[in-house]
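In what follows, chains carry the letters A, B, and so on, assigned in the order in which the sequence lines appear, proteins first and then strands, with residues in each chain numbered from 1.
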Number of protein chains: 2
Amino acid sequence: MSRTVYVNGEYLPEEEAKVSVFDRGFLFADGVYEVTSVLGGKLVDYPGHAKRLERSLSELEMASPATPEEILAIHRELVERNGIDEGLIYLQITRGAADRDFFFPEGATPSIVLFTQAKTGLADNPKARTGIRVIAVEDLRWGRRDIKTVQLLYPSLAKMAAKKAGVDDAWLMEDGLITEGTANNAYIVKDGTIVTRQLSNDILHGITRAAVLRYAREAQMQVEERSFTLDEAKDADEAFITGASVFVLPVVEIDGATVADGAPGPTAKRLREIYLEESLKAAM
Amino acid sequence: MSRTVYVNGEYLPEEEAKVSVFDRGFLFADGVYEVTSVLGGKLVDYPGHAKRLERSLSELEMASPATPEEILAIHRELVERNGIDEGLIYLQITRGAADRDFFFPEGATPSIVLFTQAKTGLADNPKARTGIRVIAVEDLRWGRRDIKTVQLLYPSLAKMAAKKAGVDDAWLMEDGLITEGTANNAYIVKDGTIVTRQLSNDILHGITRAAVLRYAREAQMQVEERSFTLDEAKDADEAFITGASVFVLPVVEIDGATVADGAPGPTAKRLREIYLEESLKAAM
């Protein structure tokens, strides 16, 4: 059965879900997005995603074509129409369609698109038991990674580099320091302290990151928000990633080096449990 | 009258020219493009654009959905159908539509879109007589600017910053050195020598740049391909830009500093004349 997709006010079969070739999302990557997980038919960490969407729009001086209430209602309607128990909802807003010009168009109506992806193995992810393997690649993305834009070609290329290397994902590195994963935040644990890069324009301000760090501090774990090197990561006691669709996943190999004994560590395991428990409680 | 636009094998009225919301050009900026000028109904510097398109596709391991001969034929058909005497033809190829995944899809058909823009004042550009004014802004683009991708949000933001500053365009600057303009290459002239940044992954390999440097050398002008600073630019005898739709345009103000006496210089003027003459001769 074809999915139902939301495009600019209409619920359409996915085959008919189209945008103008003049849409600035297509011509200029002039668009922002969010991905929200669905567990048990409910939206995980939704207020965080809604808030970050507002910030992305604001940083780009882009108007929203719908109110926050309308956007939430579309999420819920798509979950319902597509019968999503476990999966993802993708949302994209662009500056809209106008004849091609680097200058922002006057009076264009922003475009809004939402679609669902049914997934199994989000909550019960086999990779949570085995951990994932990552390579390190240079971080060649633009300088405003704090804005969640659709300029995702480099993360896509890095994922393909990981695939060619026979591993699961890539960590991005700038001046010898890890910035983050291709579509997730990166962490190491050393001597009982969780280390993850501080917020800045260099990394995405992960919604799952914020929640996980809050839970870690509430559980009396030590957290240091600072940059770390690839060598530190290889020498860590544990490593893991967080993201809206992976929640918390252990990393057991970094750029060819086995992390500790190569088994998922207790910190990642515990944080995944807490995150799933708490976020399910708060899911809406 | 509505333009005729080419989309994946069909010639369509622009209102019907659409792509799937699952197109990776829309979701990941996973697409490349070219813009070719039309003068007197003929394509300017077309072989250069066709060759660069092949290179962009190859760098991204993206297949072309049409042969070079077919792509040229579509250009000509659109010129004819839209009665373009003077204007631009925009071409975009993306990795095609597939359910959203950072990994490249297996078996997706690349998308191809072409449209025209009728323009006056390309050959007889009033800015060629007055020159343009630019500001300098940090170059925050990704690290592979040699690939002509649709990740154009930052150039668009830089153009808007120029507009807000009341000037025409922006020059991008990295580590104090000018890389290029928002959608053009940047040059200064000092003591009779034309200076423009050397080719690398840091700048677009401009088709007009290559032609203009060739003409300059044939005319016995001195050319140095090297990086230059903003201060050097402000202190230059002349400055100009080149690009497929501007050809050669003098720059008379850089980041608030008047270049020499503030009038277009003889080198830019001469190179514009040569470029227009030679490229019209070779137009096809």
Side-chain angles (χ1 to χ4, degrees), chain A residues 3 5-7 12 14-31 33 35 60-61 88 90 92 94-95 97 99-104 111 113-115 117 138-144 147 149-160 162-163 169 182-183 201, chain B residues 3 5-7 12 14-31 33 35 60-61 88 90 92 94-95 97 99-104 111 113-115 117 138-144 147 149-160 162-163 169 182-183 201:
Chain A
R3 263 176 296 187
V5 170
Y6 180 87
V7 185
L12 299 167
E14 60 184 315
E15 299 75 20
E16 294 170 28
K18 294 184 176 186
V19 290
S20 168
V21 300
F22 295 98
D23 193 286
R24 290 177 60 93
F26 187 69
L27 297 180
F28 290 99
D30 190 3
Y33 76 105
V35 179
L60 297 178
E61 300 180 31
L88 305 174
Y90 177 88
Q92 180 169 334
T94 77
R95 207 178 302 274
D99 202 5
R100 187 175 184 275
D101 192 331
F102 281 81
F103 292 111
F104 296 170
S111 299
V113 170
L114 287 92
F115 58 82
Q117 292 181 309
E138 276 302 306
D139 193 342
L140 297 186
R141 295 172 302 163
W142 80 320
R144 289 302 304 276
I147 310 174
T149 77
V150 295
Q151 294 182 122
L152 294 174
L153 179 53
Y154 193 69
S156 178
L157 292 171
K159 280 265 194 190
M160 290 306 294
K163 188 177 183 179
D169 208 343
T182 52
N201 291 351
Chain B
R3 263 176 297 186
V5 170
Y6 180 88
V7 185
L12 299 166
E14 60 183 316
E15 298 76 17
E16 295 169 27
K18 294 183 176 187
V19 290
S20 168
V21 299
F22 295 98
D23 193 286
R24 289 178 60 92
F26 187 67
L27 298 180
F28 290 100
D30 189 4
Y33 76 106
V35 179
L60 297 178
E61 300 180 31
L88 306 174
Y90 177 87
Q92 180 170 333
T94 77
R95 207 177 302 274
D99 201 6
R100 187 176 183 274
D101 192 332
F102 281 81
F103 293 110
F104 296 170
S111 298
V113 170
L114 287 92
F115 59 80
Q117 293 181 308
E138 276 302 307
D139 193 341
L140 297 186
R141 296 172 301 162
W142 79 321
R144 289 300 306 274
I147 310 174
T149 78
V150 295
Q151 295 183 122
L152 295 174
L153 180 53
Y154 192 71
S156 178
L157 293 170
K159 279 264 193 190
M160 289 306 294
K163 188 177 182 180
D169 207 342
T182 53
N201 291 352

Report the C-alpha separation of A/L60 and B/L153 in whole Å, then their side-chain angles, then the decisive distance to 0.1 Å, and conclude whether the side-chain contact (heavy atoms from CB on, under 4.5 Å) test is met. CA-CA 9 Å; A/L60 297 178; B/L153 180 53; 3.9 Å; yes
Chain A interface, residue from B/D30, B/L140, B/V19, B/V150 that has the most non-hydrogen pairs under 4.5 Å: B/V19
Using non-hydrogen atoms only, which part of B/V113 is less than 4.5 Å away from chain A: side chain, backbone, both, or neither? side chain
Heavy-atom distance under 4.5 Å to chain A: side chain of B/T149, backbone, both or neither? side chain
What part of B/Q151 gets closer than 4.5 Å to chain A, counting heavy atoms only: side chain, backbone, both or neither? both
Engaged part of B/N201 at the chain A interface, taking heavy atoms whose separation is under 4.5 Å: neither
First locate atom CZ of A/F115, then atom CG of B/D99, and finally report the distance between them rounded to the nearest 0.5 Å. 6.5 Å
Using a cut-off of under 4.5 Å on heavy-atom pairs, state which of A/W142, A/F26, A/Y154 scores highest against chain B. A/F26
Under 4.5 Å heavy-atom distance to chain A, tell me which part of B/S111 shows up: side chain, backbone, both or neither. neither
Under a 3.5 Å threshold, yes or no: a donor from one side chain and an acceptor from the other, between A/R24 and B/S156? yes
Do you know which of B/V7, B/V35, B/T94, B/L157 has the most heavy-atom pairs under 4.5 Å to chain A? B/L157
With a 4.5 Å cut-off on heavy-atom pairs, point out which of A/L152, A/D101, A/L88, A/V5 contacts chain B the most. A/L152
Return the minimal non-hydrogen interatomic distance between A/M160 and B/F104, and the atom names on each side. SD-N, 3.2 Å
Leading residue by heavy atom contact count with chain A [cutoff under 4.5 Å; candidates B/E15, B/E61, B/R144, B/E16]: B/E61
Nearest non-hydrogen partners of B/Y90 and A/R100, listed with the distance: CE1-NE, 3.0 Å
